[in-house]
Amino acid sequence: MSAQISIGLPDGSTRVLEPGATAGDLAASIGRGLAKAAVIAEINGEERDLVTPLSDGDAVSIITADSERGRYTIRHSTAHVLAQAVLELFPGATFAIGPPIENGFYYDFELADGGTFTPEDLERLDAKMREIIRERQPFLRDEIPDAQALELFAAHKYKCEIIRGAADDPTSATESGLVRTYENPPRFIDLCRGPHVPDTGSHLGHFKLTRVAGAYWRGDERNPMLQRIYGTAWESKAKLDEHLTMLEEAEKRDHRRLAHELDLLSFPDELGPGLAVWHPKGAIVRKLMEDYSRERHERGGYQFAYSPNIAKSVLWETSGHLGFYADAMYPPMELDDGVKYYPKPMNCPFHILIYKSNQRSYRELPYRLFELGTVYRYERSGTLHGLFRIRGFTQDDSHIFVTPEQLPDELASLLDFVLSVLRAFGFEDFQAKLSTRPPEKSLGSDEDWERATDALRSAIELAGLDYEVDEGGGAFYGPKIDVDVRDAIGRSWQLSTIQVDFQNPQRFDLEYVGADNQRHQPIMVHRALFGSVERFFGVLLEHFAGAFPVWLAPVQVRVLPVRDDHETYAHRLVDRLQSEGFRADAIGADEKLGARIRKAKVEKLPYVLVVGDDDVEHGTVGVNPRGGEVERGVVVDDFVAHLAADVVARA
């Protein structure tokens, strides 16, 4: 009899198994519950299928269906089932890539007739996928030579591009001339990195196909337009139902719909994709956001700056943008001086020039500049999404120049500043992401990157924030902190960012004179608090479902006279409210009172005041607050005091 094998577990204990035992056997030996919940295993740091044989001394952890990595695998496997269903129901169709994404998955296809999927097609595909799942088809991993793979996928041109290395696939792998595949024999095979659930009947079935969209192959509009089917998949029906309920609520809160219904802004075709115009009500909210930002920055020791919207190419060459960011920049304009000018994608080089305009002393540092600066980025048309992905937008940009000794305290102060402003806008649930050096597209020494990363990590930990590390996710000039907020229905949004930059001070030869009377190089910190005003507005609109808090509401109070003879009193109330700085209007009695109240509710106004005979006689109002109980006979002075307190409560 062969010697038994010893397997190390995450808690430091070991498990003894028979030779040839698999990761699935390990889960079963620990307990029936774990065996049932197991999806894949991590073996010596590598994720593998449960059928993978174990060796003596392996360190193994079992990944279960209710973990994020388990759900990722479930979604990945469900995407394969979708692809098989499409190829079976649509002869001549070809497939491209199908990765898991946050809360779901997608797969891209090209139909033989160049057509599109219909809602009825999604119903047919749903039924076919459930049939495949009931068959419990195994997921079998293999690695085959490139030449064999090209022959196997000869009918699928997008797969052949991936095999030849002309296109990336986040779910495939080519190693040492071998292409990894996963097969559900005998009907389906795909390029795939894996791992997968053991078979189509394991943990699959709690899914829904949600929508179809167009997507250019490799994200390039010069390539063919493919049909992208989106879906969501979970480990249980309860989790699926919970997510679908959230999607229904998210649809009601879609900022594009609300912006139209509430007359806040629009995206006219005449402007071109990704460009918005702000209507008066939306502009009021935007102005309040920007005014509050200016107020906080002024109190925080920042100095205001303004910069032009274009600059000569030499500026972007020096900053590194043309070397690392050109794909996201608009083409240049060549003017009568023969020099190329680019619309600005970022504000930072202009603030660098302001710093450089005079000799600086260490006594001036930290030197903090703030600008609400409009920038322009070429986002591909297929990626545009209302205010969330837009081509012209305004950043609340700050750039701070510090000495190396000042960096830790400045970062801690910055993060505290960011969180306090986000709280003023109604957010309380935060998580941070620390993004480190990109391995291929970055500048500077390892030592600089380590110093910057350590300083950012210390700031996060000092703030007591939960955080995760995004390896390789930093900017080309330095690491960064991204702050995510969770909204009213549980979605996570990345908003604020803080970036440490050792590179631009070097590239622009920035200096300050130190206490030793010698010249030193400052460190530059980039910080966007809203991220962009437009995107932040969209997040706020969805977070509040259009019902802005009183201090942000375009109209805070509407006064409704019961009859025509109450209108004079109503307008006197509006005059008083406006004179005290509140945003109020009155709607005459041309329509029935009930219809006017309903209209105010649809507009999500914080307060509706109804005035009749008793109110005119006694100087009172009937207060109909959004989401609250109606009060009659409220003294006007008392209401005004309450309204003022409600506005001040923003802080």
Is there a donor in the side chain of [X] and an acceptor in the side chain of [Y], or the other way round, less than 3.5 Å apart?
X      : Y      : result
Ser445 : Glu447 : no
His260 : Ser266 : no
Arg527 : Ser496 : no
Asp108 : Trp217 : no
Thr436 : Thr453 : no
Ser492 : Gln431 : no
Glu334 : Tyr341 : no

Which atom names give the shortest non-hydrogen contact between [X] and [Y], and what distance separates them?
X     : Y      : value
Tyr72 : Arg69  : CD2-NH1, 2.8 Å
Thr73 : Pro195 : CG2-O, 3.8 Å
Pro10 : Ser61  : CG-CB, 3.4 Å

Verify whether the ring centers belonging to [X] and [Y] lie closer than 6.0 Å.
X      : Y      : value
Tyr362 : Tyr512 : no
Tyr376 : Tyr330 : no
Phe536 : Phe425 : yes
Trp449 : Phe502 : no

Discussion item. Would you call the rings of His321 and Trp316 parallel, tilted or perpendicular, taking 30° and 60° as the class edges?
Written reply: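 Perpendicular.
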
Discussion item. Students often mix this up, so state it plainly: with edges at 30° and 60°, are the rings of His351 and His399 parallel, tilted or perpendicular?
Written reply: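 Rings of His351 and His399: perpendicular, as their planes differ by over 60°.
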
Can you tell me how far apart [atom1] ([X]) and [atom2] ([Y]) are? Round to the nearest 0.5 Å.
X      : Y      : atom1 : atom2 : result
Leu541 : Leu265 : CG    : CG    : 8.0 Å
Leu240 : Lys208 : CG    : NZ    : 8.5 Å
Met289 : Thr394 : CE    : OG1   : 10.0 Å
Phe393 : Glu534 : CZ    : CD    : 8.0 Å
Arg71  : Thr64  : CZ    : OG1   : 9.0 Å
Leu456 : Glu461 : CG    : CD    : 11.0 Å

Is it true that atom [atom1] of [X] has more than 12 heavy atoms of other residues, nucleotides or ligands lying nearer than 6.0 Å?
X      : atom1 : result
Glu102 : CD    : no
His385 : NE2   : yes
Lys287 : NZ    : no

Can any side-chain N or O of [X] pair as donor or acceptor with the backbone N or O of [Y] at less than 3.5 Å?
X      : Y      : answer
Thr318 : Val314 : yes
Arg583 : Ala553 : yes
Arg535 : Ile390 : no
Glu371 : Ser307 : yes
His543 : Ala488 : yes
Glu251 : Glu248 : no
Glu364 : Ser361 : yes

Does [X] come within less than 4.0 Å of [Y], counting only side-chain N to carboxylate O?
X      : Y      : result
Asp263 : Lys281 : no
Glu298 : Arg294 : no
Asp482 : Lys480 : yes
Arg360 : Glu511 : no
Glu471 : Arg437 : no
Asp454 : Arg451 : no
Arg286 : Glu290 : yes
Arg389 : Glu379 : yes

Would a 4.5 Å heavy-atom cut-off, applied to side chains only, mark [X] and [Y] as touching?
X      : Y      : answer
Leu264 : Trp278 : no
Leu407 : Ile523 : yes
Ser435 : Pro479 : no
Val539 : Phe427 : yes
Tyr378 : Pro331 : no
Tyr467 : Val469 : yes
Thr497 : Ile481 : no
Glu410 : Ile400 : yes

Worksheet item: Does Tyr342 have Lys312 sitting over its ring (NZ/CZ under 6.0 Å from centre, angle to axis within 45°)?
Response: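 That pair does not qualify as a cation-pi contact.
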
Worksheet entry | Arg75 to Phe105 six-membered ring, cation-pi geometry met (6.0 Å, 45°) |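 No cation-pi geometry.
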
Worksheet entry | Candidate list Arg256, Arg253, Arg257, Arg491, test salt bridge (charged side-chain N to carboxylate O under 4.0 Å, His left out), partner Glu542, passing option |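 The salt bridge (charged side-chain N to carboxylate O under 4.0 Å, His left out) with Glu542 is passed solely by Arg491 among Arg256, Arg253, Arg257, Arg491.
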
Worksheet item: Step by step, would you call Val421 with Ser293 a side-chain contact (heavy atoms from CB on, under 4.5 Å)?
Response: CA-CA 8 Å; Val421 172; Ser293 179; over 6 Å; no

Worksheet item: For the ring-ring contact (aromatic ring centres under 6.0 Å, His included) test, which of Tyr302, Phe304, Phe530 pairs with His297?
Response: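 For His297, the ring-ring contact (aromatic ring centres under 6.0 Å, His included) test succeeds with only one of Tyr302, Phe304, Phe530, which is Tyr302.
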
